[in-house]
Amino acid sequence: MKVGVPTEIKTDEYRVSLTPAGARELVEQGHEVLVQGGAGNGSAIWDRDYEAQGARILPDAESVFAEAEMVLGVKEPQPEEVAMLRPEHVLFTYLHLAPAPELTQGLADAGATCIAYETVEDAQGRLPLLAPMSEVAGKIATQAGAFMLEKPLGGRGVLLGGVPGVAAANVMVIGGVVVGFNAAAIAIGMEADVFVFDRNIDRLRELDVAFAGRASTVYSSVLAVEEMLPRADLVIGAVLVHGARAPYVIRREQLKLMKERAVIVDVSIDQGGCFETSRATTHSDPTYEVEGITHYCVANMPGAVPITSTYALTNATLPFVLALADHGVGGALARHPGLRPGVNVAGGRVTHAAVAEGTGHEFTPLDEVLEPQVASN
Ligand SMILES: NC(=O)c1ccc[n+]([C@@H]2O[C@H](COP(=O)([O-])OP(=O)(O)OC[C@H]3O[C@@H](n4cnc5c(N)ncnc54)[C@H](O)[C@@H]3O)[C@@H](O)[C@H]2O)c1
């Protein structure tokens, strides 16, 4: 198969969807790897590094999309990329379609088979291709929040860990699995007082053991959230309902309960945001203020640390990339059932129920779209 790696063009995105190690694995299996010149530069991976592993460098995105059968990405395709997609393409990237009806329509119109990293599952129903970036984003969330709490940056002017004789700041983390665990772990490391909220009691039990008393766990009822907000200096939103638009865990009215110049970091912004007042921001202009509360809502947080994120992401995606290249979509789905929920759009239809619900599209079961393809593999 011809596997294409275009340069990411989303604002402040420096990751790349394949490393030279990944290119080598594909080439070893007899596939062709086509990398847009300069695609790896943001992650300090140079064209010559890809060429040394057998990849071919192409001059621009047009030539990559024209030649490739499978296009690998990091962030969701931008409009000029959607315009280059064809029905015979397999697109494998983060899509986050539930809050993005226009992009969903664009992908359906293109007719390509669009597989979203964030809805691919493992045997336990976890999200193996979201997890590495959630680990990165969770750690950044606390770092960024601590920074934004500094007075010159518009924050309250409080140090997360306090000092002897002066209390630490209160960090409230809503959602306690991958993003939430990592955000809380860094906040604990910075010696803040940490409170992790979730609605899954078994998860709260696990966190209680993992943090060994260094963080409090709280069942995330509306009342519990409202009781915590007046005390919180930093609130990190880290909830997810697989594939769906993020639920609101803080409404505009509830911001009034918070201290002036407290900071909220909405990591769930890529699924539409879990605070009612959130709107996506960029690394170049990461914050804005509503009701006296600083909002940090960067939709591609791991893009800020590409040298970490590119390797973490491609370590996780490579087995699935190889399966798709070796066996085609039908064969790969048969061998890796967890890829099935990854297929969000195919043959012009929306094939993921939560994406269909979030975007107002009709849901079509995957088998109805891919049956002939599966049968032929
Ligand atoms: N902004 C970024 O750059 C970036 C990067 C990576 C991940 N993310 C996003 O971060 C979010 C969290 O990802 P994750 O991997 O940690 O998800 P996860 O599935 O590991 O954890 C989500 C948790 O949210 C909990 N939850 C759901 N609804 C809730 C509610 N109403 N109240 C309290 N808890 C609730 C679930 O019980 C679950 O424990 C996702 O939207 C993901 O796409 C964003």
Side-chain angles (χ1 to χ4, degrees), residues 124 126-127 130-151 153 155-240 246 249-250 254 257-259 261-268 274-275 293-294 296 298 301-302 304-305 308-309 312:
Q124 288 76 39
R126 295 174 304 198
L127 307 174
L130 183 64
M133 294 305 94
S134 290
E135 288 163 348
V136 174
K139 291 185 173 183
I140 293 179
T142 306
Q143 284 180 195
F147 195 45
M148 294 305 164
L149 276 170
E150 292 180 14
K151 195 78 176 167
L153 288 156
R156 298 192 65 234
V158 61
L159 182 65
L160 231 49
V163 290
V166 182
N170 288 322
V171 176
M172 175 184 188
V173 181
I174 310 178
V177 186
V178 188
V179 169
F181 175 83
N182 283 276
I186 295 297
I188 290 167
M190 293 171 96
E191 302 186 338
D193 288 334
V194 182
F195 301 80
V196 185
F197 286 59
D198 204 301
R199 290 197 158 179
N200 179 338
I201 295 175
D202 283 334
R203 182 57 187 163
L204 294 179
R205 286 193 180 102
E206 290 167 3
L207 289 173
D208 206 50
V209 172
F211 291 139
R214 289 174 299 157
S216 301
T217 55
V218 185
Y219 181 77
S220 190
S221 65
V222 175
L223 180 60
V225 169
E226 288 189 350
E227 284 176 346
M228 187 68 212
L229 285 178
R231 298 167 59 198
D233 298 284
L234 170 60
V235 179
I236 295 172
V239 305
L240 176 66
V249 292
I250 299 182
Q254 294 169 318
L257 298 169
M258 298 182 70
K259 299 174 196 171
R261 303 282 171 188
V263 173
I264 61 181
V265 175
D266 193 342
V267 187
S268 304
C274 63
F275 308 138
I293 306 298
T294 303
Y296 176 103
V298 176
M301 294 168 73
V305 289
T308 305
S309 302

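Atom set for the values below is all heavy atoms of this structure, side chains included, hydrogens, waters and symmetry mates excluded.
- Between Phe211 and Val194, the closest side-chain pair of non-hydrogen atoms is not below 4.5 Å.
- Ser268 approaches Val239 most closely through the heavy-atom pair OG-O, 2.8 Å.
- Here the side chains of Ile186 and Asn182 are not in contact, with every heavy-atom distance at 4.5 Å or above.
- Side-chain contact between Val249 and Phe197 is absent, with no heavy-atom pair separated by less than 4.5 Å.
- Taking the side chain as every heavy atom from C-beta outward, Ile293 and Val235 never approach each other to under 4.5 Å.
- A salt bridge links Arg205 to Asp202: at least one charged side-chain nitrogen sits closer than 4.0 Å to a carboxylate oxygen.
- Counting only heavy atoms from C-beta outward, the side chains of Val178 and Glu135 approach each other to under 4.5 Å.
- One finds the CZ atom of Arg261 at 14.5 Å from the CG atom of Asp233 (value rounded to the nearest 0.5 Å).
- Side-chain atoms of Leu160 and Thr142, non-hydrogen and from C-beta on, do get closer than 4.5 Å to each other.
- Heavy-atom contacts from other residues, nucleotides or ligands closer than 6.0 Å to CD of Glu206 number more than 12.
- Applying the ring pair (Phe, Tyr, Trp, His ring centres under 6.0 Å) test to Tyr296 and every residue at least two apart in sequence or in another chain returns nothing.
- No side-chain heavy atom of Met148 sits less than 4.5 Å from a side-chain heavy atom of Leu234.
- Considering Asp193, Val218, Ile250, Val225 in turn, Val225 is the only one that fulfils the side chain to side chain contact (heavy atoms under 4.5 Å, CB included) rule with Met172.
- Heavy atoms of other residues, nucleotides or ligands lying less than 6.0 angstrom from CZ of Phe147 number 12 at most.
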